[in-house]
Amino acid sequence: MSKERYIGLGLQAGGGEHGLADALRPVIDRALTLLVEALQNGEDGVDRTAALAQIDICRPLMTLTADAEQIERAGQELFIVCDATLKSMAAARAARQSELNSLIGLVREAVAAIAGDNHRFDATLDQSTARFEAMSRVDDLSVLKQQLSAEVSVLKKIAAERQKSWESTVRVFESQVATLEQQLVTTRLEASLDPLTRIANRRMFDDTCNQWVKADKQFVLALLDLDDFKNINDTHGHATGDKVLVEVASTLKHALRASDLVSRYGGDEFAVLMAGVTLRQAEGRLKGVMAHLSQAPIVPSVAPGAPNGITVSCGAAEFSAGDTEESLLQRADQALYDAKKRGKG
């Protein structure tokens, strides 16, 4: 019996020769998309051009091509270039390497499942076809019916087992990709936060400010600097100094809107981006923050009756046409310098 006539029995319904491949292709595409994003997020100076180019070649093959050998060959080339890229990244990005290795391993497993599992199924199919062809030479109708019934039962059992295996394999890959996606989200979030104050860090501030400048939106940039912070550390210890930084960050975050960005600019300096406000409006809000901080009972009094709050100096600049991030920062920094000269606070 020919392979075409065997297929005509409908034993491949619900799975088919390419059932596992079709189920895994979208998972592989998500994994490759995730791999591209993870590679592009690197900032260690490693050239990732070759790896990204090979991924561009592999993605249409993994999602469209039915030729297992072509998929396997492209996959091997992808793993070679990715392994070389990872070795270059190892020294500077050890933690990132582990994440990427997991992702590449996932793609390798999926490619092997598509290419290898279909080879095994083809071997089973060829054996079954040979047995069907042998049946054509059986003259005894009752024997033929028994053999045919037995062969169909075997094939149905194989089809059921393969279907169950396909579903299990896809669930495993889906779970692994979802886990890696969550890890990448967590990594990006952690990379954008200051570890002490848990507000945006300098990198996040620079990225956001640059985006707002390019979007030509109305906003105000403010720089805030703690007055005499070195004296706080020297007099009361670094633990108290850390509490002061956390209090300033928390006060700024809760006093401003969710649409504003509060960041630790560096050391005892903070930067704020306030969207959709004028300089006068921003000044009123920032004065309220500074008044609140001046009453914060964190810094012990140096003498009876002396104030024990946190004093902050602030300089702000409103974005206007033609501004760059550098020019805006320069104006805000000059305003902060003038505030310090006039007596701080």
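Count residues from 1 along the sequence.
Between the CG atom in Leu32 and the CG atom in Asp56 there is a gap of 10.0 Å [rounded to 0.5 Å]. To the nearest 0.5 angstrom, Glu326 atom CD is 12.5 Å from Arg331 atom CZ. Between the CG atom of Leu224 and the OH atom of Tyr265 there is a distance of 12.5 Å, given to the nearest 0.5 Å. Separating the CG atom in Leu252 from the NE2 atom in His292 is a distance of 10.0 Å, to the nearest 0.5 Å. Distance CG/Asn201 to CG/Asp206: 9.0 Å, rounded to 0.5 Å.
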- Item | Stepwise salt bridge (Lys or Arg N to Asp or Glu O under 4.0 Å) check, Arg257 with Asp260 | CA-CA 5 Å; Arg257 304 162 302 173; Asp260 300 329; 2.7 Å; yes

- Leu245 vs Leu196, side-chain contact (heavy atoms from CB on, under 4.5 Å): CA-CA, chis, key distance, verdict: CA-CA 8 Å; Leu245 293 172; Leu196 173 65; 3.8 Å; yes

- Task: Kindly determine whether Lys230 and Asp268 satisfy salt bridge (Lys or Arg N to Asp or Glu O under 4.0 Å), including the steps that lead there.
- Result: CA-CA 9 Å; Lys230 184 178 183 302; Asp268 61 337; over 6 Å; no

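Here the side chain of Glu318 pairs a donor or acceptor atom with the backbone of Leu279 at under 3.5 angstrom. Ser327 contributes a side-chain N or O that, together with a main-chain N or O of Thr324, makes up a donor-acceptor pair within less than 3.5 Å. Using modelled atom types, one side-chain atom of Thr240 and one backbone atom of His236 make a donor-acceptor pair closer than 3.5 Å. Although no hydrogens or angles enter the test, the distance criterion places a donor-acceptor pair under 3.5 Å between the side chain of Ser263 and the main chain of Ala271. Using modelled atom types, no side-chain atom of Glu269 and backbone atom of Gly266 make a donor-acceptor pair closer than 3.5 Å. Side chain of Ser294 to backbone of Ala291: a donor-acceptor contact under 3.5 angstrom is found. Although no hydrogens or angles enter the test, the distance criterion places a donor-acceptor pair under 3.5 Å between the side chain of Asp323 and the main chain of Ser320. Between the side chain of Arg73 and the main chain of Gln76, no donor-acceptor pair closer than 3.5 Å is present.
Between Leu256 and Lys253 there is no side-chain heavy-atom pair separated by less than 4.5 Å. Here the side chains of Leu221 and Phe205 are in contact, with some heavy-atom distance below 4.5 Å. The closest side-chain heavy-atom distance from Met290 to Cys314 is below 4.5 Å. Inter-residue side-chain proximity for Phe270 and Leu223 is flagged as unmet; no heavy-atom pair is nearer than 4.5 Å. Two residues are said to be in side-chain contact when any heavy atoms from C-beta on lie closer than 4.5 Å; Ile55 and Val81 fail this criterion. Considering only heavy atoms from C-beta on, Val244 comes within 4.5 Å of Leu226 through its side chain. You'll find the side chain of Leu293 stays beyond 4.5 Å of the side chain of Thr311, heavy atoms only. Here the side chains of Val220 and Phe319 are not in contact, with every heavy-atom distance at 4.5 Å or above.
The existence of a salt bridge linking Lys287 and Glu283 is confirmed by a sub-4.0 Å separation between a basic side-chain nitrogen and an acidic carboxylate oxygen. Salt-bridge formation is not detected for the pair Asp194/Arg202: no Lys NZ or Arg NE/NH1/NH2 atom is positioned less than 4.0 Å from an Asp or Glu carboxylate oxygen. Asp338 has no carboxylate O lying under 4.0 Å from a charged side-chain N of Arg342, or vice versa, which leaves the two without a salt bridge.
In this structure, Gly276 and Gln281 approach most closely via the heavy-atom pair O-OE1, 4.3 Å.
Residues Arg198 and Ser250 have side chains that never bring a donor and an acceptor to within less than 3.5 angstrom of each other. At a cut-off of 3.5 Å, with distance as the only test, no side-chain donor of Ser313 or Asp225 sits close to an acceptor on the other residue.
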